[in-house]
Amino acid sequence: MFEGFIDYLSALTLGIISGVDAIILNSVVNVYKVMPYLKDYITINCYLDNDTAGRTALTELTAIYGSTVIDRSILYSEFNDLNEYLTNQSFTKNTLSNENK
């Protein structure tokens, strides 16, 4: 799950996702709209922003889906979002890919 389309494209560029379903919220206010579609997933990887809105959305998802929700923002914890990480990265694509496994 991504907060925005640019973050999704950043994940593709970094090679940290491939061949998986993706939900792009376009705004965290849409998180409740996607919840009915998440119930059958065994893992929900969340690449949300490291800001108040992103943290709130993550908390709301975790309250409903528990340990199924995985916070992937730790991969770019020094940045606001995945795209900012990509544009400022000092790691190789392979380093981030290996950390995500």
Side-chain angles (χ1 to χ4, degrees):
M1 179 177 305
F2 297 89
E3 194 163 329
F5 195 71
I6 298 299
D7 293 320
Y8 171 71
L9 293 175
S10 297
L12 290 174
T13 300
L14 289 164
I16 60 175
I17 61 166
S18 177
V20 296
D21 295 342
I23 293 176
I24 302 162
L25 298 172
N26 289 319
S27 172
V28 290
V29 298
N30 293 319
V31 74
Y32 286 106
K33 292 179 182 178
V34 302
M35 286 198 183
Y37 304 101
L38 300 175
K39 62 181 169 60
D40 294 327
Y41 285 91
I42 57 171
T43 303
I44 303 168
N45 291 297
C46 292
Y47 297 87
L48 302 176
D49 290 0
N50 285 317
D51 59 12
T52 302
R55 293 274 157 230
T56 300
L58 183 69
T59 299
E60 292 167 350
L61 287 164
T62 303
I64 294 170
Y65 295 105
S67 62
T68 300
V69 176
I70 309 297
D71 179 12
R72 296 295 185 187
S73 68
I74 192 74
L75 299 171
Y76 47 95
S77 61
E78 295 180 27
F79 301 95
N80 183 56
D81 61 24
L82 192 55
N83 183 58
E84 186 177 307
Y85 168 80
L86 175 62
T87 58
N88 291 288
Q89 77 167 323
S90 60
F91 299 105
T92 65
K93 179 171 77 171
N94 291 333
T95 300
L96 188 56
S97 292
N98 289 334
E99 289 177 359
N100 194 27
K101 292 181 180 176

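Quick caveat, the model's predicted, so the values are computed rather than measured.
Once rounded to the nearest 0.5 Å, the distance linking CD1 of I23 with CG of N30 reads 11.0 Å. For the atom pair CG of L75 and CG of L14, the computed distance is 9.5 Å after rounding to the nearest 0.5 Å. Here the straight-line distance linking atom CZ of F79 with atom OG1 of T87 works out to 7.5 Å at 0.5 Å rounding. To the nearest 0.5 angstrom, T56 atom OG1 is 11.0 Å from L61 atom CG. For the atom pair CD1 (I16) and OH (Y85), the distance works out to 8.5 Å, reported to the nearest 0.5 Å. Considering CG of L25 and OH of Y8, their distance stands at 13.5 Å, rounded to 0.5 Å.
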Residues 35-44, side-chain donor-acceptor partners within the protein, below 3.5 Å, at least two apart:
residue: Y41; atom: OH; partner: D21; partner atom: OD2; Å: 2.5

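Judged by distance alone, with hydrogens and angles left aside, the side-chain atoms of D81 form no donor-acceptor pair with the main-chain N or O of D7 at under 3.5 Å. Although no hydrogens or angles enter the test, the distance criterion places no donor-acceptor pair under 3.5 Å between the side chain of N83 and the main chain of S10.
The shortest side-chain heavy-atom distance between T13 and L86 falls under the 4.5 Å cut-off.
Among all heavy-atom pairs drawn from M1 and V34, the shortest one is CE-CG2, 4.0 Å. In this structure, L58 and L48 approach most closely via the heavy-atom pair N-CD1, 3.9 Å. Of all heavy-atom pairs spanning V28 and G54, the tightest one is CG1-CA, 4.4 Å.
Not a single ring pair (Phe, Tyr, Trp, His ring centres under 6.0 Å) links Y65 to another residue, sequence neighbours left out. Under the salt bridge (Lys or Arg N to Asp or Glu O under 4.0 Å) criterion, D71 pairs with R55, sequence neighbours left out.
Aromatic ring orientation, Y76 versus Y47: parallel (interplanar angle below 30°, classes split at 30° and 60°).
The hydrophobic cluster containing V69 also contains V31, counting ILVMFWY residues as joined when their side-chain heavy atoms lie under 4.5 angstrom apart, directly or transitively.
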